[in-house]
Amino acid sequence: MNRLLLAVYPEPYRSRQGEELLTCLAEAYPGRSWPPPREVVALARAGVQIRARAVVDDTARPWWLDGIHLAALVLAALALVPYLQDVWHWALHIDPGRHAIAFHFSGWYPWAEGPTRPRLLPYGLLPLVCLIALLRGKPWLALPAAAAMIYVGATFNSNRFFGDEGKAGLGYYGLGAPITARDLVLSGALCTACAVLAVCRPGRLRCHSYRWLVPVVLAMFVAGGLHIISISPAFQRGLFVLEAAALIAAWVATAATGDYRWLIPVAAVAFIRTRAIVNQPNGFIQSLPDLVVLLFLIAPLPVLAITAQRRQSRTLLE
């Protein structure tokens, strides 16, 4: 199990010092396959710091371009979240029946039993295509999918290519901000980010490994195989934990480098969700008071900005 901790570190570090780190852990904690929680946190933090420094040291692209790329990846994942179950069912030809996600005539396909409103493809394929293309550093492939998301959202009353799935009901994200496919701010922001990336010399973008899709497939299995819909408390709590971990990782990376690139995706998500809560306060899941949720969304922005400024000031003094 100790080898799982090495995944936090970049590949060059694992090649040079991975075995040495495993040996140290085995000697420090003999007979244990997993170190104490405090040691796990320390190792994870060190891995994030090393990755962050490696990213900043790579001058092949400006920091703002890398930040926009990260923002586009996060927005694509955010748009995919409510449709994980649906894409899994469609790919494996599973009829979810009463376990379908909470949309009108949800989960029904021409090959499923029961009342149908035929459609060709699930809406969730569009953000999934965006996510895969952006991971591989190919925004010109993600741009048409993001533009199709805008078109589907704008024509949800007449478009039957994707059926009603994901267009008639609310989508819930972590802290409970309702965002529907017909709310064009999310798809519009994603499309804009993809367009900027496609124009600004896309060959300079970072190309991530397909291994980053493993958590996505795992999330699809959990949502589709266990019939856990995106509005269930278990789904929301799990997503909240992931988001909190991502924010902590962004803070650790910013504190280690003083770089502003991690502020861009945090700002993009905060803008999308804050607007959704303000625009549809009555559709918001009251898991926490509105002001508390808004504070959680907005507070990371000044924290990251101040952290980056202090780190840069300390570097100048040194």
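- Using a 4.5 Å cut-off between side-chain heavy atoms of Ile, Leu, Val, Met, Phe, Trp and Tyr, with links allowed through other members, Val269 and Leu242 fall into different hydrophobic clusters.
- Just one of Leu190, Leu70, Thr192, Leu131 meets the side chain to side chain contact (heavy atoms under 4.5 Å, CB included) condition when paired with Leu75; it is Leu190.
- Rounding to the nearest 0.5 angstrom, the gap separating the OH atom in Tyr83 from the CG atom in Leu125 is 12.0 Å.
- Trp262 and Val74 end up in different hydrophobic clusters when Ile, Leu, Val, Met, Phe, Trp and Tyr side chains are linked at under 4.5 Å.
- Val196 and Val185 fall within a single hydrophobic cluster, where Ile, Leu, Val, Met, Phe, Trp and Tyr are joined by side-chain heavy atoms under 4.5 Å apart, directly or via other members.
- The hydrophobic clustering, which links ILVMFWY residues whose side-chain heavy atoms are closer than 4.5 Å, places Val81 and Met149 together.
- Across every non-hydrogen atom of Leu80 and Gly124, the tightest pair is CD1-O, 3.5 Å.
- Note: His89 NE2 to Leu84 CG = 11.0 Å, rounded to the nearest 0.5 Å.
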Next item on the list: Under the side-chain contact (heavy atoms from CB on, under 4.5 Å) rule, what do Leu141 and Val129 come out as? Steps first, then yes or no, please.
Entry: CA-CA 8 Å; Leu141 296 179; Val129 169; 5.9 Å; no
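- Around CH2 of Trp251, the count of heavy atoms belonging to other residues, nucleotides or ligands within 6.0 Å does not exceed 12.
- In this structure, the side chain of His69 engages the main chain of Leu134 through a donor-acceptor pair within 3.5 Å.
- Residues Gln49 and Val252 meet the side-chain proximity criterion, which asks for heavy atoms closer than 4.5 Å.
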Notebook entry, point to check: When you look at Leu128 and Met220, which way does the side-chain contact (heavy atoms from CB on, under 4.5 Å) test go after all the steps?
Noted result: CA-CA 11 Å; Leu128 179 60; Met220 286 185 178; 3.8 Å; yes
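- Trp64 and Cys200 get closest at one heavy-atom pair: CH2-SG, 3.9 Å.
- Nearest approach of Pro127 to Ala76, heavy atoms of both residues: CB-O, 3.7 Å.
- Separation of atoms CG (Leu78) and CG (Leu73) is listed at 12.5 Å; rounding is to 0.5 Å.
- In this structure, the separation between CD1 on Ile272 and CG on Leu186 is 5.5 Å, given to the nearest 0.5 Å.
- Between the CH2 atom of Trp63 and the CD1 atom of Ile264 there is a distance of 5.0 Å, given to the nearest 0.5 Å.
- Remark: Asp66 pairs with Arg206, Arg261 by the salt bridge (Lys or Arg N to Asp or Glu O under 4.0 Å) rule, at least two apart or across chains.
- How far SG of Cys191 is from OH of Tyr151: 15.0 Å, rounded to the nearest 0.5 Å.
- Side chains of Leu304 and Tyr260 form no contact here, defined as non-hydrogen atoms less than 4.5 Å apart.
- The two atoms that bring Leu184 and Ala154 nearest to each other are CD2-N, 3.8 Å, heavy atoms only.
- A perpendicular orientation is assigned to the rings of Trp88 and Phe221, their planes being inclined by more than 60° (bins at 30° and 60°).
- Of all non-hydrogen atoms in Trp212 and Pro215, the two that sit nearest each other are O-CD, 3.2 Å.
- Hydrophobic clustering (ILVMFWY, side-chain heavy atoms < 4.5 Å, transitive): Leu126 and Leu213 are in one cluster.
- Here the shortest heavy-atom pairing between Ala72 and Ala193 reads CB-CB, 3.9 Å.
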Notebook entry, point to check: Can you check side-chain contact (heavy atoms from CB on, under 4.5 Å) on Leu301 and Leu263, steps first, answer last?
Noted result: CA-CA 7 Å; Leu301 301 180; Leu263 184 61; 4.0 Å; yes
